[in-house]
Amino acid sequence: MEIREQLENLVNDALKSAIEGGKLALAEVPQAAMERPRDTSNGDWASTVALRCAKQAKMNPRQIAQIIVDELPENDLVSQCEIAGAGFINLTLAPAVFQGVARCVRTEKDNFGKGEIPAGESYVNLEYVSANPTGPMHVGHGRWATLGDAMARVMRHAGYNVYEEFYINDHGTQMDIFGTSVAVRYLQLLGHDVALPENSYGGGYVKDIAQGIIDRDGDTWVSAPEEERMAAFREIAYSEMLQNMEATLAGFGNHFECWFSERSLYVAGPDGTSPVTRSLASMREKGFIYEEDGATWFKSTAFGDEKDRVCIKENGEYTYFMSDVAYHYDKLERGFDHLINIWGADHHGYVKRCEAMLAAWDRPGALEVVLGQLVNLYRDGEAVRMSKRTGEMVTFKELIEEVGVDATRYLMLSRSSDQPIDFDIEAAKKKDASNPVYYVQYAHARICSILRKVAPADAAAATLAGTMTMDALADQLIAVDTDLARLTEPSELALMRTMSGFSELVAAAARDRAPFRLTHFAQDLAGTFHQFYTTCHVIGEDAELQAARLYLLDATRIVLAKSLNLLGVSAPTEM
RNA sequence: GCGCCAGUGGCUCAACGGAUAGAGCAUCGGACUUCUAAUCCGACGGUUGCAGGUUCGAUUCCUGCCUGGCGCACCA
């Protein structure tokens, strides 16, 4: 049982017996609702229950607090109990409670802080990035890549069953325009006088693709029929862009269970139906589809949208929205109960109609759209849009190459997703105190260094060579039954106290889709460690104390590594 | 005009409705003969955009206003 629950039970029991004993006149038993005071001088945990029921009980809150404290059952958790301020009940826990946390960490290792699946959540589809395959990913996509990945990691650790998906918009006229753009560049490179039509893709990468085709096939496509050439080039360019995105994201540490093609939504199966026809039929059956002005409409206003939306245009073409209708329907068909989409804030106008379609299928609330604010790039405080090298929009790939994966991820995650990010490339590249990612990683590396120092030389060397994990090394050095009773220094207790909040933090970060909180936790834990490092020595203390501190150190290492891992950031063993 | 997001020290950000609003950076002053100084300690710095309301208690919730970003297609 979590410490919070145990304390709540204690206080709740006290309340109950005070009421039953006639000392408190309350119609119903209020909840203890323990919280962690920001200032540890107010104890490790506090209850505000006395404040909240003062009015009903018609008593002074401090008086109520005293009654509750008097009724607190005997226990070995609380070492000190204080009534403070207006009527706060502040509890200080016995060191043994915190020592138990350290033991729990070393026992559970990578599973420390792992949660149970929240009620009502069974199978979550998390869709993110979903960049168009008509060009390279830009910096904003990097934010979604980071956020989605961290969200998936955090939610999994909190017990959710998460399936990560990338939606490829490979259907529709934009793809033909892409193919045409490549074809024009191809002809131009071969000396033909062809103008690039308006609305074309004009980026340098289009020319590169065309050059690639020339390198492979020469001028054989010049004589091909225009339509055929466009279609062929479209497919070549598409597959190149897709490989590009896959490689960039894989290098960034992302993994998608599924790369879902929009085209597949239009392909009929053996029974002659496709997701498009099935989703439309389902809506029609429920009475939310109608024809007007030659077009086919979804009655999204029935669910709060500001206007109805077209699914099939007057000219018979399907809208982009139709694809999304089919796509979400397909997700439901594939068995997902909860659909989470991460979108840029510039798409927020699109949310209502998508929520409406889920409601039309009697699955209101099944769709959750996480909107993220955009990324502004800076270099030494100056706004940058264009890359110096290409003269075009800075791509995500360029950003990672210049800044590095860890610093990019950490910075992208260090703000709540509904805050815009001002990403300064030069600031992100700095390897000093102003860059928090190194502060956290350094704490981890420092611990590893101490562990290596007390280890046999060959084992220490093996961890540096990568042939032995730190976990394995720690297991050699640290006895399972190490006595932790000597860990009573303030900085030792602070470390364990910080770690004791980890599982609750993971649960909250998952619930609120806010992995950025892990960055604050990691910095907090790293800071607490650095303090410990300066006040407490490990090596050279008496055998019992050294053993206990090594144990604590390794617990800290595990939690630091886990926090970084949940953010998708590496935990280096030396720096 | 309507809608979404946000406004907290010079800068970047925190704070389940709780206590004296916390960190980091920057600035200034200290600490390496000791397990990594990518570290630590200290100082300076605030009318939480404005005005009301709810509450024992509001940065947090409600209303109005101001400022900034984004969006309001038979485009994708």
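A note on names: the letters A, B, ... follow the listed sequences, proteins ahead of strands, and every chain is numbered from 1.
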Measure the distance from [atom1] on [X] to [atom2] on [N] and round it to the nearest whole Å.
X        : N     : atom1 : atom2 : value
A:Arg62  : B:G57 : CZ    : C1'   : 16 Å
A:Glu306 : B:G1  : CD    : P     : 16 Å
A:Asp305 : B:G71 : CG    : C1'   : 13 Å
A:Glu355 : B:C4  : CD    : C1'   : 12 Å
A:Met575 : B:U39 : CE    : P     : 9 Å

If pairing requires Watson-Crick or G-U wobble contacts with both distances under 3.5 Å, which nucleotide is the partner of [N]?
N     : value
B:C28 : B:G42
B:A21 : none
B:C72 : B:G1
B:A15 : none

Consider the side chain of [X], meaning its heavy atoms from C-beta on, and name the nucleotide among [options] that approaches it most closely.
X        : options             : result
A:Asp346 : B:A14, B:A73, B:C70 : B:C70
A:Phe516 : B:A14, B:A19, B:C40 : B:A14
A:Lys313 : B:A76, B:G71, B:A15 : B:A76
A:Ala295 : B:G18, B:C74, B:G69 : B:C74
A:Arg52  : B:U55, B:C5, B:G18  : B:G18
A:Tyr533 : B:G71, B:C74, B:C35 : B:C35
A:Arg38  : B:U39, B:A15, B:G71 : B:A15

Less than 6.0 angstrom separating the ring centers of A:Phe502 and A:Phe521, yes or no?
yes
Most 5' of A:Ala84 and A:Gln531 on RNA chain B, judged by nearest nucleotide
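Its nearest nucleotide lies further toward 5', so the answer is A:Ala84.
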Both A:Glu574 and A:Leu371 contact RNA chain B. Taking the nearest nucleotide for each, which residue is further toward the 5' end?
A:Leu371
Salt-bridge present ([X], [Y]; N to O < 4.0 Å):
X        : Y        : value
A:Arg284 : A:Glu291 : yes
A:Arg486 : A:Asp542 : yes
A:Glu235 : A:Arg263 : yes
A:Asp308 : A:Arg353 : no
A:Arg513 : A:Glu368 : yes

Using the aromatic ring of A:Phe88 (for Trp, its six-membered ring), decide whether it stacks on the base of B:G18 within the limits of 5.5 Å and 30°.
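A stacking contact does not exist, since A:Phe88 is not both close and nearly parallel to the base ring of B:G18.
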May A:His537 be described as stacking on the base of B:C35, applying a 5.5 Å centroid limit and a 30° limit on plane angle?
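Taking the rule of under 5.5 Å and under 30°, the ring of A:His537 does stack on B:C35.
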No-H, no-angle donor-acceptor pair, [X] side chain to [N] base, under 3.5 Å:
X        : N     : value
A:His347 : B:G71 : no
A:Asn90  : B:A19 : yes
A:Glu35  : B:C16 : yes

Atom pairs under 3.5 Å: protein N/O with N/O of nucleotides 10-12 of chain B:
unit_1 : atom_1 : unit_2   : atom_2 : d
B:U12  : O3'    : A:Arg415 : NH1    : 3.1

Remember a base hit wins even if backbone is also touched, and classify [X] as base, sugar-phosphate or nothing at under 4.0 Å, heavy atoms.
X        : answer
A:Ala443 : nothing
A:Ala427 : nothing
A:Asp39  : nothing
A:Thr134 : nothing
A:Pro37  : base

Just by distance, no angles: are the side chains of A:Asn341 and A:Tyr128 close enough, under 3.5 Å, to form a donor-acceptor pair?
no
More than 12 heavy atoms from other groups under 6.0 Å of CD on A:Glu116:
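Not more than 12 within 6.0 Å, no.
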A:His328 (side chain) donor-acceptor with A:Asp324 (main chain) under 3.5 angstrom:
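Yes, A:His328 side chain to A:Asp324 backbone: donor-acceptor pair under 3.5 Å.
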Should B:C65 be called syn or anti, with syn set as within 90° of 0?
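Because its glycosidic torsion lies more than 90° from 0, B:C65 adopts the anti conformation.
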